[in-house]
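Worksheet: one structure, shown below.
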Amino acid sequence: MPIRTMGATLKGRWLALSRPPLARVRQRGRRAGDDATPRPAGEALQSGPSGPLNVRAFRWLFATALVSNLGVWMWSVMGGFVMVQLTHVPSLVAAFPVALALPGVIFALPAGAVADVTDLRLVVLTSKSLYLAGMIGLALLAFGGALSPFALIVFAAWLGTVGTFSSPAYWSTIHQLVPERLLSRAFSLDGLQWNIGQVIGPVLGGALLAGLGAGGMFAIASALISTIVAFLYVWRGRQRTRLTTPGEGAGEAMIGAVAAGLRYLGNAPVLQVICWRTVMFVLPAGALTSLLPLLGSRLLGLGSVGYGLLLAAVGAGSATAAIVLPRLYERFPLDPMLAVASLVSAASTLPLALLHQRAVAAVALAAFGAAWLVSLTTLNLSVQHAVPRWILSRALGAYLMVFQASIVLGGLLWGAVADVVGVRTTLLIAAACLLVGVLLTGRLRLPTVDRRDLQVVPRPHPELVSEPEDEDGPVMILVDFQTNPEEHEEFIEAMDELRVVRRRAGATRWSLFEDAERPGRFLESFVTRSWGGYLRQRSRYTAADLRILDAARALHHPPEGPKVSYFLHPDSVLAYRRRARWRRLRGVDRALEPPIGSAAGDQPEGPSEVI
């Protein structure tokens with residue numbers, strides 16, 4: 001091919017990657033002689049396990065993540081051997097995996113908040129770029145002979161932190177790139193590429209560490225990680241596929257977003273169940289992952305190469321499970337799949353504790369790897385299916401926080417137990433704990449949620465004479481209900497459900513009072529941090545929330561609906577009056593000037609308006 005023609009071809013492919021998706025579809029239609037309007041992406045997708053790969057953006061994300069994760073697994077596994085080469089102090093060697101996992105406990109929820117209030121592509125691109133910078137720094141230190149145990153621990157903490165900020169945004173990106181019906185297949189493919197890296201990465205890293213040294217291994221890992229950074233830099237989300245969180249989350253401040261995530265977790269029983277099931281699986285199953293180095297060296301007599309092969313067996317089992325997992329999700333609910341995975345994990349732990357044979361260990365670890373992938377994918381999908389879009393990244397951050405905390409605490413717990421009773425007995429105890437967890441799942445079943453109930457239905461904007469500024473607050477909202485005394489208990493139960501809805505959507509305080517002189521009259525009050533926070537709360541109600549709200553309003557008997565009043569904190573009222581005086585002096589909003597002695601909070605919402 002002539003050089004000029006080859007250059008034009010490469011340029012055309014480069015431009016096609018960043019062209020708007022709609023333009024690419026139209027261009028393919030013109031090439032095929034079809035002048036009809038392009039079909040929706042979901043109609044052209046195949047029904048096989050590779051269906052999500054028909055989405056062009058997901059296909060590129062999958063391919064670059066696959067290459068990138070080879071570098072991640074190379075350095076994260078072999079970094080422990082680099083630490084052993086630098087020092088023989090046990091505490092420093094043990095500090096390396098803790099430095100990798102501990103940032104997930106500390107920063108997982110803020111990472112979810114960042115993803116919810118910021119453009120997802122920007123979050124993933126920034127975090128991956130910072131991860132690449134850390135890897136380049138490690139390579140430079142190793143080549144310069146300045147790499148020390150302390151420096152390796154600091155870089156591990158840095159890479160663990162930026163990796164934590166990447167995960168919720170990356171998962172939310174997958175959620176937005178593929179249709180809802182292909183979500184389980186997309187996450188199965190994501191688990192597949194992750195576990196392919198787990199199979200190849202440690203083996204490749206061990207060979208590079210032996211042949212090129214730590215500097216060469218870190219440098220090649222950096223080159224592999226740079227692929228996803230390059231793709232994210234080139235790829236731009238267009239108007240139809242822009243990777244921003246729907247709703248009004250972008251206007252929320254960071255501290256407020258984290259607080260909203262904590263409030264949602266505290267008032268979402270469905271999400272709490274998922275977190276408890278995460279602890280019940282990861283905490284005992286993590287015993288095997290924590291003690292695997294001791295199992296390989298002491299009980300199986302393996303060296304570093306043998307240890308890498310053990311990890312490859314785990315990855316091979318996970319990769320095999322990822323291939324069949326989409327079919328399983330089409331046939332079985334999530335809850336029994338998690339229970340079966342826990343049973344398989346317990347069953348695969350027993351031969352590792354009782355039979356010290358390498359072939360048996362490889363088969364058992366492959367089964368454990370398959371069960372590990374099924375469990376984590378099931379838990380991740382449960383979170384995706386259980387929360388609305390506006391809180392998705394923060395919910396994933398909460399799940400990641402619980403997961404990483406279980407890993408860290410499990411490592412410390414099982415390590416301490418192994419010091420007392422030995423590795424073999426510790427693995428038997430962990431297997432027994434997995435079985436007990438399966439017996440307790442009857443009370444903590446993974447929920448089945450209809451996604452239509454989670455569709456956000458924003459409420460109408462309240463009509464006030466002069467609206468406060470978004471930052472004015474706190475704001476207290478009073479709702480005056482008139483009910484029949486004989487419906488007292490039914491109304492109390494309805495309001496108890498409404499309390500959860502209000503708190504989950506953003507209320508910092510909630511209370512209900514009954515009039516002592518007028519039985520059947522109730523005042524509901526709830527507080528938001530600001531007027532803007534109240535408007536965001538109104539934009540977060542889902543279809544299920546509105547049914548609860550309608551059930552409470554149905555018990556209010558006057559036909560005009562409950563009376564709603566708004567009250568601002570005195571400091572905000574003074575600021576409001578100063579703005580009103582400024583407007584009057586300049587002839588602004590004179591027609592909307594409130595009567596003397598009235599304040600912004602004195603204007604009730606129309607009786608027919610939604611609360």
Given side-chain contact (heavy atoms from CB on, under 4.5 Å), test N267 with R499 step by step and report yes or no. CA-CA 9 Å; N267 293 277; R499 171 188 61 83; 4.2 Å; yes
Decide yes or no on side-chain contact (heavy atoms from CB on, under 4.5 Å) for V282 and L376, but give the supporting numbers first. CA-CA 9 Å; V282 176; L376 298 192; 4.3 Å; yes
Determine, step by step, whether N54 and L182 satisfy the side-chain contact (heavy atoms from CB on, under 4.5 Å) criterion, reporting the C-alpha distance in whole Å, the side-chain angles of both residues, the deciding distance to 0.1 Å, and the verdict. CA-CA 11 Å; N54 291 289; L182 295 178; over 6 Å; no
Check against side-chain contact (heavy atoms from CB on, under 4.5 Å), L334 and H385: CA-CA 11 Å; L334 296 180; H385 291 160; 4.2 Å; yes
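Side chain to side chain, S511 and S525 meet the donor-acceptor criterion of an N or O pair below 3.5 Å.
Counting non-hydrogen atoms of other residues, nucleotides and ligands closer than 6.0 Å to CZ of R529 gives a total of 12 or fewer. Heavy-atom contacts from other residues, nucleotides or ligands closer than 6.0 Å to CH2 of W276 number 12 or fewer.
The closest side-chain heavy-atom distance from Y170 to D190 is below 4.5 Å. No side-chain heavy atom of V456 sits under 4.5 Å from any side-chain heavy atom of Y541. Side-chain atoms of N69 and V72, non-hydrogen and from C-beta on, do get closer than 4.5 Å to each other. Annotation: side chain of L400 is in contact with side chain of P168 (closest heavy-atom distance under 4.5 Å). Taking 4.5 Å as the limit, some side-chain heavy atom of W510 sits within range of a side-chain heavy atom of M495. When side chains are defined from C-beta on, T378 counts as touching Y329, because their heavy atoms get closer than 4.5 Å. Counting heavy atoms from C-beta on, the side chains of L183 and H175 come closer than 4.5 Å. Side-chain contact between R394 and V387 is absent, with no heavy-atom pair separated by less than 4.5 Å.
Atoms CD and OG1, from Q537 and T508 in turn, are 9.5 Å apart once rounded to the nearest 0.5 Å. Taken from OG in S530 to CG in L568, the straight-line distance is 10.5 Å, to the nearest 0.5 Å. We find the CG-OG distance between L338 and S345 to be 9.0 Å, quoted to the nearest 0.5 Å. Interatomic distance, S167 OG to L396 CG, rounded to the nearest 0.5 Å: 9.5 Å. Going from atom CH2 of W194 over to atom CH2 of W73 covers 5.5 Å, rounded to the nearest 0.5 Å. From S342, atom OG reaches atom CE of M337 across 11.5 Å, with rounding to the nearest 0.5 Å.
In this structure, Q272 contributes its side chain and L265 its backbone to a donor-acceptor pair below 3.5 Å. Between the side chain of S127 and the main chain of V123, a donor-acceptor pair closer than 3.5 Å is present. No donor-acceptor distance shorter than 3.5 angstrom exists from the side chain of S68 to the backbone of A65, with no hydrogens or angles considered. Of the possible polar contacts, one joining the R121 side chain to the W235 backbone as a donor-acceptor pair under 3.5 Å is found. Of the possible polar contacts, none joining the Q193 side chain to the A63 backbone as a donor-acceptor pair under 3.5 Å is found. Looking at R540, its side chain does come within 3.5 Å of a backbone N or O of A505 through a donor-acceptor pair. The backbone N or O of A169 lies less than 3.5 Å from no partner atom in the side chain of S393, so there is not a single donor-acceptor pair. When atom types are taken as modelled, the side chain of W414 and the backbone of L283 share a donor-acceptor pair closer than 3.5 angstrom. Between the side chain of T278 and the main chain of F403, no donor-acceptor pair closer than 3.5 Å is present. A donor-acceptor pair is defined here as one N or O able to donate and one able to accept, closer than 3.5 Å; such a pair exists between the side chain of S539 and the backbone of R536.
A centroid separation of less than 6.0 Å is found between the aromatic rings of W390 and Y264. In this structure, W158 has its ring center no closer than 6.0 Å to that of F155.
What you find for T161 and A157 is that their closest heavy atoms are OG1-O, 2.7 Å. Residues M135 and S222 share a closest heavy-atom pair of CB-OG, 3.2 Å. Across L446 and I274, no two heavy atoms sit closer than the pair CD2-CG1, 4.1 Å. The two residues A101 and V408 make their nearest non-hydrogen contact at CB-CG2, 3.6 Å. Of all the heavy atoms in Q176 and R389, the pair that sits closest is CG-NH1, 4.2 Å. Between A341 and A371, the closest heavy-atom pair is O-CB, 3.4 Å.
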Let me check something: any side-chain donor-acceptor pairs from residues 542-549 under 3.5 Å, sequence neighbours excluded? List them with distances.
unit_1, atom_1, unit_2, atom_2, d
T542, OG1, D453, O, 3.4
T542, OG1, D545, N, 3.2
T542, OG1, D545, OD2, 3.1
D545, OD1, R504, NH2, 3.0
D545, OD2, T542, N, 3.1
R547, NH1, D453, OD1, 3.2
R547, NH2, D453, OD1, 3.0
R547, NH2, D453, OD2, 3.3

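The only option from V564, I477, L498 that meets the side chain to side chain contact (heavy atoms under 4.5 Å, CB included) definition with E524 turns out to be L498.
Classified by interplanar angle (parallel below 30°, tilted 30° to 60°, perpendicular above 60°), the ring pair W531/Y534 is tilted.
Among residues at least two apart or in separate chains, salt bridge (charged side-chain N to carboxylate O under 4.0 Å, His left out) pairs with a member in residues 267-281 are R277-D335.
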